[in-house]
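Quick note: numbers below take in every heavy atom, side chains included, and nothing from hydrogens, waters or symmetry partners.
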Amino acid sequence: MKTAIWLYLFLFVAFFDLHAQYPILTPFAISLGAAPSFIGLMMGMYSITHLPGNIMAGYGVDRFGSRLFIVFSLMGAGIVLLFQSQVTDPWQLLVLRSISGFVLAFLSPACLALLARISNDRTQQGKFMAGNGLVHTLATVVSPAAGAYMVAKIGFTTAFYLLGWVLVVTAVCALFFIRDIKAQPSNEEQEQKSKGIKPALAEATPIPWLVYALPVGISCAQGILSFELPLMSTSAEGMMETGLLFSVVSIGALITLSMLFLNKLSSYYRTLWGALALALVYFVIAAHTPLPFALLLLFVGMGKGIILPAISTLLIELSGGARYGRTFSVLSIAYSIGAFLGPMLAGQLRDVLSPYYLAFLGLMIGVSILPFHRRRTTLTPIFPKSR
């Protein structure tokens, strides 16, 4: 449990630092002379360079543990931000964002794998995943508005410089305070050991690829939202408004993450129905329904607060309790593909088709595919029994 607390603390600082850039990167790129289509390319490249890092993390975390990958990811992202504070050309920013995408690809698989190893109980693991989502959300409630406020007061250069040093210091602290732990034996293995029987090695259960279609759709929708909101206005006042809108999304996620009774529901049904509800919200936004935009963004956040921890728990259940690094690596790859496709499509098609309608389509495709995945075990009931 001590490991989880330290990990949550460092994750809070890291997520705060990274999400503080959301409302300011697009205005910064525009100030360098970048066009909206180039910004879409930049956001897409940031996501696509996640892929090699995700693949390396999958095998590396299972073999060498999570600690060094967490430290490397935070340190690398901090150094990139220090260089980013000095860029004068959009292409320099594109290169640095691509490098940042690679080094940050190790962070999520390493953290999720470490959290999953703390306990072998499925209910407890679900709570750890919900805790990860809660920490993430708490950091992002205030960080976008804080990032916009920093730029308004001290400018882009100083803001990136300060954020970079925060990540570097966090990486050094993580090196000393985070410790790797081995996967906890299951209840059956503990019982066999007490009887003097050598437990069989855990074997990873193949996870159907169709399961990963929904994470692609979710990150595609999130990428579109992250691309569209900053384009609403690039003035100082507009950046503050954009930061507040990002915070509204995080508040919505915080609301549903605080509903602890949701963890008692089946992770499969939480994933399926939460994604369907999220898709409908994006459709309402695309249809220009006369509802307050901030209210709709609050609903978007509430949907994310249900889905993201549920997906992690679902994958733990499907993995058979082994190879968490590879399992969450493939999940991160799916997220990276969606985050690449979202801004790219939005940048190219926003004059022809509402990007929010593209987000709706991506989510609906994932929702439609998920029920067809074949599992070796029967679907869990809506209220599964904890072991």
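Taken from CG in Leu358 to SG in Cys220, the straight-line distance is 7.0 Å, to the nearest 0.5 Å. The CE atom of Met75 sits 8.0 Å away from atom CG of Leu175, with the distance rounded to the nearest 0.5 Å. One distance of note links CZ of Phe102 with OG of Ser73; it measures 9.5 Å at 0.5 Å rounding. The CG atom of Leu314 lies 10.5 Å from the CG atom of Leu272; values are rounded to the nearest 0.5 Å. From Cys173, atom SG reaches atom CD1 of Ile178 across 10.0 Å, with rounding to the nearest 0.5 Å. Once rounded to the nearest 0.5 Å, the distance linking CD1 of Ile365 with CZ of Phe360 reads 10.0 Å.
Linking ILVMFWY residues whenever their side-chain heavy atoms come closer than 4.5 Å, directly or via other members, leaves Val13 and Val169 in distinct clusters. When the side chains of ILVMFWY residues are joined at heavy-atom separations under 4.5 Å, either directly or via intervening members, Leu280 and Leu291 end up in two distinct hydrophobic clusters.
Under the 4.5 Å side-chain criterion, counting only non-hydrogen atoms from C-beta, Leu163 is in contact with Met150. Counting heavy atoms from C-beta on, the side chains of Phe38 and Leu93 never come closer than 4.5 Å. Contact of the Val284 side chain with the Tyr356 side chain is not registered, since no non-hydrogen atoms from C-beta on lie closer than 4.5 Å.
Using the six-membered ring where Trp is involved, Phe28 and Phe160 have ring planes that are perpendicular, over 60° apart on the 30 and 60° scheme.
Closest non-hydrogen pair, Val87 versus Gln92, comes out as CA-OE1, 3.4 Å. Of all non-hydrogen atoms in Val211 and Leu370, the two that sit nearest each other are CA-CD1, 4.2 Å. The two residues Ala310 and Thr271 make their nearest non-hydrogen contact at CB-OG1, 3.4 Å. The two residues Ala29 and Ile39 have their closest heavy-atom pair at CB-CG1, 4.0 Å. The two atoms that bring Val248 and Ala294 nearest to each other are CG1-O, 3.3 Å, heavy atoms only. Scanning both residues, Val367 and Pro371, for their nearest heavy atoms gives O-CD, 3.0 Å.
Tyr212 pairs in a side chain to side chain contact (heavy atoms under 4.5 Å, CB included) with only one of the listed residues (Ile333, Ile311, Leu315), which is Leu315.
Looking at Arg270, its side chain never comes within 3.5 Å of a backbone N or O of Ile306 through a donor-acceptor pair. The closest donor-acceptor contact from the side chain of Ser226 to the backbone of Gln222 lies under 3.5 Å. In this structure, the side chain of Glu228 does not engage the main chain of Ile224 through any donor-acceptor pair within 3.5 Å. Remark: the backbone N or O of Arg97 is not paired with any side-chain donor or acceptor of Ser100 at under 3.5 angstrom.
Checked against a 6.0 Å centroid threshold, the rings of Phe72 and Phe69 do not count as neighbours.
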